[in-house]
Protein chains: 2
Amino acid sequence: MHERQAPITPAQPTETPPPQTRVDNAIRAITDHIHGQSLKVGDKLPSEARFAEWLGVSRTVIREAFKSLSAMRIIEMRAGRRAQVCGFDGSVIALSLTHALRTEQINPQQMWDARRAVETRTVTLAAIRRSDAEARRLLALVAQMHDCVDDLARMTEHDIAFHVAIAEASRNPLFPVLVAALTSAMRETNPMVWRQRRDDESRQEVVRAHEAIAQAIAAGDPEAACNALARHFDLASQGLVMAGFN
Amino acid sequence: MHERQAPITPAQPTETPPPQTRVDNAIRAITDHIHGQSLKVGDKLPSEARFAEWLGVSRTVIREAFKSLSAMRIIEMRAGRRAQVCGFDGSVIALSLTHALRTEQINPQQMWDARRAVETRTVTLAAIRRSDAEARRLLALVAQMHDCVDDLARMTEHDIAFHVAIAEASRNPLFPVLVAALTSAMRETNPMVWRQRRDDESRQEVVRAHEAIAQAIAAGDPEAACNALARHFDLASQGLVMAGFN
DNA sequence: TGGAAATAACTTGTATGATAGGTCGATTGC
DNA sequence: GCAATCGACCTATCATACAAGTTATTTCCA
């Protein structure tokens with residue numbers, strides 16, 4: 001019963017590449033199906049049993065393949081319902097980056113530098129393309145930050161929301177996802193940096209940097225927005241050094 | 001047998017959030033274990049059976065959790081061996097982006113714009129920090145591109161290798177990963193753009209744009225590198241329009 | 001005694017079959 | 001016509017079994 005199929009890989013002499021398992025094949029078959037049928041977000045997939053039959057493997061294999069794709073946010077599974085194609089979402093990227101940070105494969109500065117690269121673009125585009133509602137929203141978020149300089153957790157959430165809001169105003173759906181992933185990966189290191197700033201004045205300085213960005217975007221001035229962003233990142237970098245990173 | 005544990009979630013009245021399954025819990029428990037024990041790349045995890053015992057669930061559940069983490073490249077599994085913590089790798093991000101492109105949640109221009117944001121930074125850093133060996137490598141890659149203007153597949157690979165090499169020269173390990181993800185996600189749309197350039201001259205123009213970037217980096221001139229990159233992206237954008245995107 | 005080959009213990013990969021419980025459309029009763 | 005009910009289908013989980021890969025141990029021979 002175990003040998004319905006030919007061996008997966010003909011025992012390659014090479015060592016490094018891990019041999020393909022049936023689950024791997026199933027994953028490929030499923031993604032190929034999605035692509036081949038041009039399925040779009042929300043479209044339903046065939047049931048696990050059907051795939052199992054098509055591929056000539058047990059449902060166990062299909063199940064693991066489905067779960068893998070579900071973990072990668074390519075499909076969404078719920079009990080009783082057929083799996084469906086999932087919307088794009090930065091959470092996988094965020095998780096990947098978080099893992100890289102936690103296992104010390106990259107450090108916070110490097111993450112900040114990537115943010116700087118991306119956000120230099122988002123603030124520029126936001127200053128050009130933002131709607132009035134978005135401009136108001138940014139200013140409102142900054143106001144909220146002013147109110148909670150003592151509450152690190154809330155501050156962090158507002159901070160993230162602020163940067164994501166800018167990315168949304170850039171009108172490129174890829175940017176909010178990237179920014180959300182890069183910022184939320186730093187949820188763990190951020191508080192350490194923040195704690196370096198003991199007095200209110202020092203913290204308000206950071207909030208004012210955000211305010212300057214919001215105002216420049218509201219004013220539709222890309223250059224001023226970039227400068228304000230640069231100041232923001234310089235402050236952050238300074239905080240990182242104080243916190244002992246690098 | 002089925003009810004060893006209390007119900008996972010107390011039936012929240014909210015609709016949208018999918019109820020947590022035992023596999024989800026297992027995934028969290030495993031990542032927590034990695035983090036809690038400060039495991040680093042290559043460190044081995046406890047066996048599936050052990051986790052199953054700890055969490056009081058069947059091996060099936062742990063198996064699906066392991067497979068999910070394996071799909072996200074957080075751990076690496078191979079038959080017979082215990083799973084181990086996996087090195088950071090852009091392939092998950094690439095897959096996520098590829099899926100977003102295929103399902104038309106983002107379009108090629110938006111992807112290119114994100115690349116522009118990131119690569120503007122990588123060429124700048126590369127011009128400053130590149131070693132001599134890296135400079136030579138970049139020039140060699142361009143030379144290889146000159147030789148295969150007729151072979152789209154090889155050209156695409158060299159193209160990706162070139163941009164990743166620049167990112168490596170930036171000395172921030174996050175950048176090669178991001179660039180690789182963004183570029184390889186476009187493996188499918190790239191050929192269409194290339195095909196717009198029928199004659200050799202038109203194709204060589206693109207290669208020359210790459211050459212200019214390599215030379216600016218080799219010369220250690222960040223500004224020239226940025227300008228050359230801008231030209232490269234303008235050509236690409238032009239190609240996209242010709243290919244009928246947007 | 002040193003090293004290589006055989007072995008035992010453990011681990012992952014896959015299959016099978018069973019049950020609980022969620023979802024959704026069709027049917028029925030008012 | 002509408003709502004409650006039912007049934008078919010589907011996923012979530014469990015238990016068990018066995019094949020096949022890995023690793024440490026032990027054995028055996030030179």
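By convention in this document, chain letters (A, B, ...) are assigned in the order of the sequence lines, proteins followed by strands, and residues within each chain are numbered from 1. Since the model is a prediction, treat every value here as computed from it, not as a measurement.
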Whole angstroms only, please: what is the CD-P distance between A:Q20 and C:dT14? 11 Å
Between B:E188 and B:R102, does any NZ, NE, NH1 or NH2 come within less than 4.0 Å of an OD or OE carboxylate oxygen? yes
Using heavy-atom distances to pick each residue's nearest nucleotide on DNA chain C, tell me which of A:T60 and A:K44 is more 5'. A:T60
Under a 4.0 Å N-O cut-off, is there an ion pair linking B:R129 with B:E168? no
Less than 4.0 Å between a side-chain N and a carboxylate O, is that true for B:R81 and B:E76? no
Atom CZ of A:R22 and atom C1' of C:dT12: how far apart are they, to the nearest Å? 14 Å
Among the nucleotides D:dC14, C:dT14, D:dT13, whichever has the atom closest to the side chain of A:T21 is C:dT14
Side chains of B:R73 and B:S91, heavy atoms from C-beta outward: is any pair under 4.5 Å? yes
Is the shortest distance from a Lys or Arg side-chain nitrogen in B:R171 or B:E134 to a carboxylate oxygen in the other one below 4.0 Å? yes
Crowded around B:R50 CZ? As in, over 12 foreign heavy atoms under 6.0 Å? no
Given the rule in the side chain to side chain contact (heavy atoms under 4.5 Å, CB included) test, do B:T156 and B:R187 qualify, once you have shown the distances and angles that lead to the verdict? CA-CA 7 Å; B:T156 300; B:R187 244 182 260 264; 4.2 Å; yes
Mind listing the closest non-hydrogen atom pair of B:A114 and A:L178 along with its distance? CB-CD1, 4.3 Å
Identify each atom pair where a protein N or O and an N or O of nucleotides 3-6 of chain D are less than 3.5 Å apart, giving names and distance.
none

Whole-Å gap separating C1' (C:dA15) and CD1 (A:I62): 13 Å
Would you kindly give the CD-to-P distance between B:Q84 and D:dT23, to the nearest whole Å? 9 Å
Separation of atom CG in A:L55 from atom C1' in C:dT14, rounded to whole Å: 14 Å
Enumerate the protein-to-nucleotides 7-11 of chain D contacts in which both atoms are nitrogen or oxygen and the separation is below 3.5 Å.
residue: D:dT11; atom: OP1; partner: A:E48; partner atom: N; Å: 3.4
residue: D:dT11; atom: OP2; partner: A:E48; partner atom: N; Å: 3.3
residue: D:dT11; atom: O4'; partner: A:G80; partner atom: N; Å: 3.1

Which atom of A:V179 lies closest to which atom of A:A167, heavy atoms considered: CG2-CB, 3.9 Å
Protein-nucleotide distance (A:K67, atom NZ; C:dT14, atom C1'), rounded to Å: 19 Å
